[in-house]
Every structure is written in C-alpha cells, then in structure tokens.
Student: 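Structure in structure tokens, see below.
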Amino acid sequence: MHTKQIAEMIENKRDSFIKVSDRIWEFAETRFEEYQSAELLAHTLESEGFQVERGVGGIQTAFIGSFGSGSPVVAILGEFDALSGMSQKKGQAKEEPLVPGANGHGCGHNLLGTASLAAAVAVKQYMEENNMSGTVRYYGCPGEEGGSGKTFMARAGLFEDVDFALCWHPMGYNSIMAIESLANYQVYFKFRGKSAHAAASPHLGRSALDAVELMNVGVNYLREHIITDARVHYAITNSGGLSPNVVQPYAEVLYLVRAPKVAQVQEIYERVCKIAKGAALMTETEVEIVFDKACSNVVQNETIEQVMYKNFQELGVPVHDEEELKLAKSVRATLTEQERQTAERLSADTPDPDMVSWINPYTGATIPLNGSTDVGDVSWITPTAQCTTACFINGSTLHSWQWVTLGATSMAHKGMLHAGKVMASTAIDMLKNPELIEKAKAELKQRLGKTTYVNPIPEGVMPSVKK
Ligand SMILES: Nc1ccc(C(=O)N[C@@H](CCC(=O)O)C(=O)O)cc1
C-alpha cells in the first residue's frame, strides 16, 4: 500500500523535519516578517531537489517550491507565522514566558508548515520512485494570523493552475476538517482631530480618541441588529498617546468583521463605515478608512475528504508513549473545567483522555468553524481538503500557552509527522486516480453554483506588518 511507503519515507527523515519545526518554533516570527522561517523551509526544499521561487506575489516571505512538470498539479499549503506576546517556555505545565513580551507559536504553525513540507517531500520521492507525471508544489504561505497571506497570493493568481490543494491544522484531535469558516475583512479607522491643552483650552481641541470611543459605542449598538453568526471585534491600535492632559489629535482602531459569507461581511462593513463617519461628524474629526486584509469562507470538498479519511484510517493515529502522556496529564491539569468540557469524546461513555487515540468519525457533514482561515480563498479556486491530527492535549484551545509549551515536544512532533503522512498519502491517491480530481472539481463547481470567486482584497492593498 502506498500509505506504508509514504509513512516510511517520512519516518526516515523524521529528525530533519523535527529540527525544522523546532527552529521555526524558536524563531517565532509574526505576520509577513517570517524571514528566517521562510528561508529555512525554502532552503530545505531546495536541498530536497525542489525548484524554489522566493518572494512570490510581491510578498517577501511567500515562496513556492516545485517538483515535476505539467498536470496534475497538487498544492500542499504551509504556514509558519507566530502570534505576538505568546512567548512561553517549552515542555512544562506552568505558564512562564521564555522572553517576556516576545512572540510564540500559539497556533502550532511551526508544525503546520513543517508537516506540509514533509508531505511535499514524500510525494516527490514517491512520484520519482514510481515514475509518475505531474507536479507537486509546496506553497509557503506567510501571515495567516491577521494577514491572509494566501488571499494575497490568490489575488496574484498563484493558484490558477492548481488541480487540488491540501492543508491541515494541528489540534487536540484527529479528524477530517470538513469545515466552513467565517469570511472576514480587517480595516483600520484612523481619526484625526486637533490637539489642545485639555484643561486650559479644551474647547479648541477635537479629540480623535473620543471619535474612536464613540465609534465603538455605535458598533456595540449595531451588534443587536446583525445576523447571529457574524462576529465584530476591534483593537485600539493607537489611543493617541499617554498624556491625559492633551486632547488626543490622532487615534485609530482596527476592526475585524466576520460572517459566513463575504457578501454578509460587506453589508456589515458598510454599516460600520457609516458609524465611523457618524463618530467623525459628532467629534468634528476626520476619518480615513484603510483596508488591511480580507479572506473568504472555506468551501469543503467531500470528494477529497473521503480519500483523506480512507488514507487516515489506513495510517491509524499518532500513538503517544508514557512519557508523553505524563506531560499531557500535567499540562491538562492546568485547564479550567470549562476548557475541559470542550474535550473530544466519542460518546458519553468514552472516558475523557488527556490525549485522544481515535479518528473522529467522518460523515461528510459540515462543521462550522467559529474562526477564519485564508485557506478559504484557495478552496474557492481549487478543490481543497484539510485534516487535523492530535498534537496537543484534549480540550486545549488554540492561542493558549499550553499550545506553545507543547509545540516543540515529541507529542506534537508525532502529530506533525502523522499529518505529513496523511496529506502525502491523500495526494498520491488523488494523483493516481485522475477521475477523483475531476470529481472533486465538479463538486466545487456544484457547491459554488452561480457564485463566482471574487478576491475580497481590493486592488492596491498590500500586506502590511502590524506594529
Ligand atoms: N483551523 C483553524 C484555522 C485558523 C484558525 C484561526 O484562529 N484563525 C484566525 C485568523 C484570523 C484572520 O483571518 O485574520 C482567527 O480566526 O482569528 C483556527 C482554526
């Protein structure tokens, strides 16, 4: 069976993949500044015989590694960005930053990018050994967190000739990710007023901070009148300085508006813009609206998901040893009861384990993801499927210190290598059965119906580094 060969190929190189992942964990670079992480992955691909193009789509840390020629083209998507402020020491059951205030891999993207690399390397080796035609590409996709790197890459046309795409996400469970995620827009509202002495001449000042606050109040009233599935968040990215005795002349707020469909996001966004203009009118300030980024919802593909599930079942699950289970237990003891309640169970009778040891049954049904991913844009252009593997403790959540601390330990490495095997095996299965690729494409077409893909990021907007 090809799953066995693929598993061996990845196991033979396990040490080198683990090194790559652990280095990226240490680099912990955030959106569009992943210079060392991207270079490490690109360099590793080159040493594995891939042709690498760096700086694709006009994004410095985006790259594509390619092997083979002609169709079919399989794209394996890798992410490698970290989150700000999530620094945490490795392998311990206590929250403690490695470097206070520094970044950390709170979403496991060191594992994500490396498993996809392992998959691409194994697919290449299998294709070579079996004289298969076609192309395997590794897409180095920067800035997933708050950056939508893939959406920018999609706008640059980089996925146009892809026949199907695969991705995964590290989690606390093994599953086929038949998700539908939320589309979103991220936009800055920059207010400009007039400074003045806050006591001596307040009547001469016009407060940009007042405008930000009034805008937020307005949006908080809007919440009652939008669809339930929408989410609106904001961060005050500039509060106008640290002096209360100065009327703040400049302030800005970053909004993230989400909903199941891009059109719904657009509708809410237009209303948020009206509120911003209202706040500017009330405070006699000016508002500048600066679009930052956007992404589309994920369109699942049952055809590829079925193939992925079959391969996953053949490969089984990552098995954790006593040492790993001990660490899992101690870290899990730090979860609150509420967090534990999100733990995966097969049924009410299944005990509540520290690490899961099964694959969640796949039914084809859509699982709503109350979050967003730029994999969404890829999935509108080419049929796309994703899986998760158990890299972390059961019931822990994304963006938590528990994920950072476990992200460079053997339990996470096992899950990572396993994900590489599942993706590579799925890719080989699809490449060997062109009728499945056609079926996956037909399914995408049917799911999209009359809607055509429109990239949600306006022309001229380029990726920005969040400071
Ligand atoms: N399988 C997953 C993929 C992404 C995420 C996630 O947390 N994404 C960020 C992305 C935010 C963005 O699009 O800017 C989020 O939803 O806040 C969660 C699970």
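Along the sequence shown, the residues carry numbers beginning at 1.
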Student: Give a yes or no answer on whether the side chain of Ser87 reaches the backbone of Leu98 with a donor-acceptor pair at less than 3.5 Å.
Tutor: yes

Student: Is the Tyr138-Phe50 ring centre distance short of 6.0 angstrom?
Tutor: no

Student: Strictly by modelled atom types, are Asn184 and Ser372 linked by a side-chain donor-acceptor pair under 3.5 Å?
Tutor: yes

Student: Between the side chains of Gln402 and Ser396, does any donor sit under 3.5 Å from an acceptor?
Tutor: no

Student: Between Asp22 and His413, is any side-chain donor less than 3.5 angstrom from a side-chain acceptor?
Tutor: yes

Student: Between Arg192 and Glu286 (salt bridge meaning N to carboxylate O under 4.0 Å), is one present in this structure?
Tutor: no

Student: I'd like to know if the side chain of Thr388 reaches the main chain of Tyr173, judged simply by a donor and an acceptor atom lying under 3.5 Å from each other, with no hydrogens or angles considered.
Tutor: yes

Student: Check whether the side chains of His225 and Arg271 place a donor and an acceptor atom closer than 3.5 Å, and report yes or no.
Tutor: no

Student: Start with the C-alpha distance between Ser21 and Asn110, add both sets of side-chain angles, then the distance that settles side chain to side chain donor-acceptor pair (under 3.5 Å), and finish with yes or no.
Tutor: CA-CA 5 Å; Ser21 174; Asn110 57 308; 3.3 Å; yes

Student: What's the spacing between Asn103 CG and Thr30 OG1 if we round to 0.5 Å?
Tutor: 5.0 Å

Student: Would you mind reporting whether Leu77 and Lys150 have side-chain heavy atoms less than 4.5 Å apart?
Tutor: yes

Student: Under 3.5 Å, is there a donor-acceptor pair linking the side chains of Glu29 and Ser37?
Tutor: yes

Student: Does the side chain of Tyr221 come under 3.5 Å of the side chain of Arg223 through a donor N or O and an acceptor N or O?
Tutor: no

Student: Under 6.0 Å between the ring centres of Phe312 and His418?
Tutor: yes

Student: Measure the CG-CZ distance between Asn394 and Arg345 for me, rounded to the nearest 0.5 Å.
Tutor: 8.5 Å

Student: Just by distance, no angles: are the side chains of Asp292 and Ser464 close enough, under 3.5 Å, to form a donor-acceptor pair?
Tutor: yes

Student: Pairing donors with acceptors under 3.5 angstrom, does anything connect the side chains of Gln248 and Tyr250?
Tutor: no

Student: Can you tell me if Thr342 uses its side chain to pair, donor with acceptor, with the backbone of Gly395 under 3.5 Å?
Tutor: yes

Student: Tell me, do Leu222 and Val272 make a side-chain contact under 4.5 Å, heavy atoms counted?
Tutor: yes

Student: If the threshold is 4.0 Å, N to carboxylate O, is there a salt bridge linking Glu443 and Arg447?
Tutor: yes

Student: Any luck finding a side-chain donor-acceptor pair between Ser296 and Asp377 under 3.5 Å?
Tutor: yes

Student: Measure from the ring center of Phe159 to the ring center of Tyr139 and say whether it is less than 6.0 Å.
Tutor: yes

Student: Measure the shortest side-chain to side-chain distance between Val253 and Thr237 over non-hydrogen atoms and say whether it is less than 4.5 angstrom.
Tutor: no

Student: Does a salt bridge link Arg340 with Asp354, judged by any charged N lying under 4.0 Å from a carboxylate O?
Tutor: no

Student: Hey, can you tell me if Tyr269 and Tyr185 have their rings parallel, tilted or perpendicular (30° and 60° cut-offs)?
Tutor: perpendicular

Student: Taking atom CH2 of Trp168 and atom CG of Leu111, what is their separation to the nearest 0.5 Å?
Tutor: 5.0 Å

Student: Do His169 and Glu79 get their side chains close enough for a donor-acceptor pair, meaning under 3.5 Å?
Tutor: no

Student: Verify whether one side chain among Asp374 and Thr151 offers a donor that lies under 3.5 Å from an acceptor in the other.
Tutor: no

Student: Are side-chain N/O atoms of Glu96 and Gln88 paired as donor and acceptor at under 3.5 Å?
Tutor: no

Student: Could you label the plane-to-plane angle of the Phe152 and Phe32 rings as parallel, tilted or perpendicular, counting under 30° as parallel and over 60° as perpendicular?
Tutor: perpendicular

Student: Do we see a donor-acceptor contact under 3.5 Å between the side chains of Gln51 and Ser66?
Tutor: no

Student: Pairing donors with acceptors under 3.5 angstrom, does anything connect the side chains of Tyr453 and Asn455?
Tutor: yes

Student: For a quick check under 3.5 Å, do Gln186 and Tyr255 share a side-chain donor-acceptor pair by atom type?
Tutor: no

